[in-house]
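Data block below; observations after.
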Amino acid sequence: MTDLFSVYLAYLAALTLKRCGLTPHSKEIAQYFERTLIDKHLTTGEKADEFEKEGWSLVETFTLVDQHRLDPFLKGILTIVEIQNLLEQTNGQEQLITVTRHCALPYSQSWSLSLKPNINLFTSEPFIVDLKLKIDLSSVDSQIQITSIETDDLDHQIFIEKMEIYKQFHSRS
């Protein structure tokens with residue numbers, strides 16, 4: 001049962017990232033983060049050289065959503081459906097993402113964020129899964145690799161039952 005739980009948790013994380021537009025647009029989003037981090041932290045050639053020489057990492061937290069308002073850079077990247085899905089994950093709150101940009105070529109990025117998909121599709125009672133994700137991109141142009149998925153304590157049996165329905169629904173679309 002634990003193996004099925006892990007498989008479904010990984011499936012939910014991957015599907016949630018896709019539905020919110022983070023997977024299909026990861027290159028554009030990572031490039032935006034890269035430009036912002038460089039513009040903010042590596043303002044001179046000396047700082048850039050010192051950054052690489054010393055082996056620092058740049059860390060910045062971005063607000064993707066704040067009180068149903070999307071960061072303007074996402075409006076030009078995400079589709080309407082992806083925006084709607086991202087807004088649903090926040091439930092009227094903030095959606096933060098912490099980005100760590102590493103100093104060595106190819107300048108990989110790590111993302112940390114929390115998403116809250118509701119997997120109870122056909123009733124008025126939500127079953128929200130709080131996913132805390134760590135994601136690596138080996139370069140700005142690489143694909144997302146989910147490296148860690150954490151969640152609050154869940155009843156494994158109920159989660160698996162709800163995921164069976166959720167998976168069947170999404171496999172049709």
Side-chain angles (χ1 to χ4, degrees), residues 2-3 5-66 69-91 93-117 119 128-152 154 170:
T2 305
D3 290 338
F5 176 79
S6 298
V7 168
Y8 274 157
L9 201 56
Y11 171 79
L12 179 61
L15 183 61
T16 302
L17 289 173
K18 180 180 177 187
R19 294 187 71 236
C20 291
L22 298 177
T23 301
H25 306 290
S26 62
K27 292 178 185 176
E28 295 94 333
I29 295 169
Q31 289 168 354
Y32 171 78
F33 292 153
E34 179 77 3
R35 283 190 309 275
T36 303
L37 288 166
I38 288 172
D39 291 348
K40 187 171 184 177
H41 297 282
L42 304 178
T43 54
T44 65
E46 294 83 30
K47 282 188 179 183
D49 291 342
E50 186 178 356
F51 168 73
E52 287 190 38
K53 181 181 172 189
E54 298 296 326
W56 299 331
S57 291
L58 302 177
V59 179
E60 191 76 30
T61 298
F62 294 84
T63 303
L64 300 179
V65 177
D66 184 15
R69 286 185 301 276
L70 208 64
D71 189 300
F73 93 90
L74 287 174
K75 290 179 184 176
I77 295 173
L78 302 181
T79 67
I80 300 265
V81 172
E82 292 165 341
I83 290 170
Q84 181 182 11
N85 289 334
L86 183 59
L87 291 173
E88 285 176 8
Q89 304 299 313
T90 64
N91 198 22
Q93 304 299 314
E94 282 186 319
Q95 178 61 58
L96 303 175
I97 184 168
T98 300
V99 178
T100 303
R101 196 266 206 177
H102 305 282
C103 70
L105 278 170
Y107 306 119
S108 62
Q109 289 183 8
S110 299
W111 300 354
S112 299
L113 72 155
S114 182
L115 296 170
K116 299 177 185 199
I119 63 170
I128 295 174
V129 180
D130 188 4
L131 298 173
K132 294 168 192 74
L133 305 173
K134 293 199 187 298
I135 300 165
D136 280 335
L137 290 86
S138 58
S139 73
V140 173
D141 295 322
S142 68
Q143 296 296 317
I144 284 177
Q145 297 292 318
I146 300 172
T147 58
S148 171
I149 305 169
E150 295 178 27
T151 187
D152 294 338
L154 289 174
H170 284 290

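Note that the coordinates shown come from a computational prediction; the quantities given were computed from them, not determined experimentally. The chain is numbered in sequence order, starting from 1.
Among I146, I29, D136, the one residue that satisfies the side chain to side chain contact (heavy atoms under 4.5 Å, CB included) test with W111 is I29.
Between the CD1 atom of I38 and the OG1 atom of T43 there is a distance of 11.5 Å, given to the nearest 0.5 Å. Atom CD1 of I144 is separated from atom OG of S138 by 11.5 Å, given to the nearest 0.5 angstrom. The CZ atom of F51 sits 8.5 Å away from atom CG of L37, with the distance rounded to the nearest 0.5 Å. Atom-to-atom distance recorded for I77:CD1 and I83:CD1 is 10.0 Å, nearest 0.5 angstrom. Taken to the nearest 0.5 Å, the CG atom of L22 stands 10.5 Å off from the CG atom of N85. With values rounded to the nearest 0.5 angstrom, K132 atom NZ is found 12.5 Å from I149 atom CD1.
Between A13 and L131, the shortest heavy-atom distance links the atoms CA-CD1, 3.9 Å. Here the closest heavy-atom approach between residue A30 and residue V140 is recorded as CB-O, 3.7 Å.
Residues E34 and R101 form a side-chain contact, since some pair of their non-hydrogen atoms from C-beta on lies under 4.5 Å apart. By the 4.5 Å heavy-atom criterion applied to side chains, E150 and D130 are not counted as neighbours. Looking at heavy atoms from C-beta onward, L115 lies in side-chain contact with L17 at the 4.5 angstrom threshold. Taking the side chain as every heavy atom from C-beta outward, T16 and L133 never approach each other to under 4.5 Å. Two residues are said to be in side-chain contact when any heavy atoms from C-beta on lie closer than 4.5 Å; L74 and L86 meet this criterion. Within the 4.5 Å cutoff, the side chain of K134 has no heavy atoms near those of the S110 side chain.
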Evaluation steps, side chain to side chain contact (heavy atoms under 4.5 Å, CB included), between H41 and E60: CA-CA 10 Å; H41 297 282; E60 191 76 30; 2.9 Å; yes
Verdict with supporting geometry, L113 and I135, side chain to side chain contact (heavy atoms under 4.5 Å, CB included): CA-CA 9 Å; L113 72 155; I135 300 165; 3.6 Å; yes
Stepwise side-chain hydrogen bond (donor to acceptor under 3.5 Å, both in side chains) check, T63 with D71: CA-CA 7 Å; T63 303; D71 189 300; over 6 Å; no
From CA spacing to verdict: side chain to side chain contact (heavy atoms under 4.5 Å, CB included), T36, F73: CA-CA 11 Å; T36 303; F73 93 90; over 6 Å; no
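Using modelled atom types, no side-chain atom of E82 and backbone atom of R19 make a donor-acceptor pair closer than 3.5 Å. Judged by distance alone, with hydrogens and angles left aside, the side-chain atoms of S139 form no donor-acceptor pair with the main-chain N or O of S108 at under 3.5 Å. Side chain of Q89 to main chain of C20: no donor-acceptor pair is present (N/O by atom type, distance under 3.5 Å, no hydrogens or angles).
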